[in-house]
Amino acid sequence: MLKNLLLIISVPLVIVHLIILYFWIVDWEKLVTEIGLLSWIGSILLGIIVYFAHWKLNHSEKRILVTKRIVFSSTLMTIFLSFLAITIEFVTSSMP
């Protein structure tokens with residue numbers, strides 16, 4: 001049951017991460033709204049929770065390994081984008 005639940009959560013989570021990447025590249029102003037920041041932080045936290053929940057499952061199944069790696073890489077990408085956005089904001093705000 002946990003495998004199916006994680007799969008049901010993982011697919012939309014990765015889609016949300018890809019949407020965040022799209023908006024980060026195309027229209028970053030939508031990510032700095034209240035809803036954008038909540039979805040950004042929420043997707044990162046949910047990605048971390050789902051990744052650690054995958055550790056409880058049998059690691060020998062190919063489907064679990066692939067899903068675990070996809071969730072990990074998309075969450076890591078979203079965390080990297082957030083640190084990059086914070087760094088860019090810090091640098092541009094410190095300019096005269």
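One is the number of the first residue; the rest follow in order along the sequence.
For the pair Trp24 and Leu84, the tightest heavy-atom approach, listed with the atom from each and the gap, is CH2-CD2, 3.4 Å. Taking both residues in full, the closest heavy atoms of Val16 and Ser43 are given as CG1-CB, 3.9 Å, listed atom of the first, atom of the second, then distance. Minimum interatomic distance between Ser10 and Val50 (heavy atoms only, all atoms of both residues): OG-CG1, 3.5 Å.
The CG atom of Leu6 sits 11.5 Å away from atom NZ of Lys68, with the distance rounded to the nearest 0.5 Å. Leu21 CG to Phe80 CZ: the interatomic distance, rounded to the nearest 0.5 Å, is 11.0 Å. Here the CD1 atom belonging to Ile8 is positioned 13.5 Å from the CG atom belonging to Leu13, to the nearest 0.5 angstrom. Distance check: Tyr51 OH to Arg69 CZ gives 9.5 Å after rounding to the nearest 0.5 Å.
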Solution key, residues 25-35 side-chain donor-acceptor pairs under 3.5 Å, sequence neighbours excluded:
{"residue": "Thr33", "atom": "OG1", "partner": "Lys30", "partner atom": "O", "Å": "2.9"}
{"residue": "Thr33", "atom": "OG1", "partner": "Gly36", "partner atom": "N", "Å": "3.2"}

Identify all side-chain donor-acceptor contacts of residues 89-96 below 3.5 Å with residues at least two apart in sequence or on another chain.
{"residue": "Thr92", "atom": "OG1", "partner": "Ile88", "partner atom": "O", "Å": "2.9"}
{"residue": "Thr92", "atom": "OG1", "partner": "Glu89", "partner atom": "O", "Å": "3.2"}
{"residue": "Ser93", "atom": "OG", "partner": "Glu89", "partner atom": "O", "Å": "3.0"}
{"residue": "Ser93", "atom": "OG", "partner": "Phe90", "partner atom": "O", "Å": "3.1"}
{"residue": "Ser94", "atom": "OG", "partner": "Phe90", "partner atom": "O", "Å": "3.2"}
{"residue": "Ser94", "atom": "OG", "partner": "Val91", "partner atom": "O", "Å": "3.0"}

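For the pair Trp40 and Phe23, the minimum side-chain heavy-atom distance is 4.5 Å or more.
Under the side chain to side chain donor-acceptor pair (under 3.5 Å) criterion, the residue pairs touching residues 73-85 are His17-Ser74, with sequence neighbours excluded.
Val71 and Leu45 fall into different hydrophobic clusters, where Ile, Leu, Val, Met, Phe, Trp and Tyr are joined by side-chain heavy atoms under 4.5 Å apart, directly or via other members. Under a hydrophobic-cluster definition in which Ile, Leu, Val, Met, Phe, Trp and Tyr are linked whenever side-chain heavy atoms come within less than 4.5 Å, directly or via other members, Ile48 and Ile86 are assigned to different clusters. Put simply, Met77 and Leu37 are part of the same group of oily side chains (I, L, V, M, F, W, Y) that touch within less than 4.5 Å, one to the next. Ile15 and Leu76 fall within the same hydrophobic cluster, defined by Ile, Leu, Val, Met, Phe, Trp and Tyr side-chain heavy atoms under 4.5 Å apart, directly or through other members. Val66 and Leu5 fall within a single hydrophobic cluster, where Ile, Leu, Val, Met, Phe, Trp and Tyr side chains are chained together by heavy-atom contacts under 4.5 Å.
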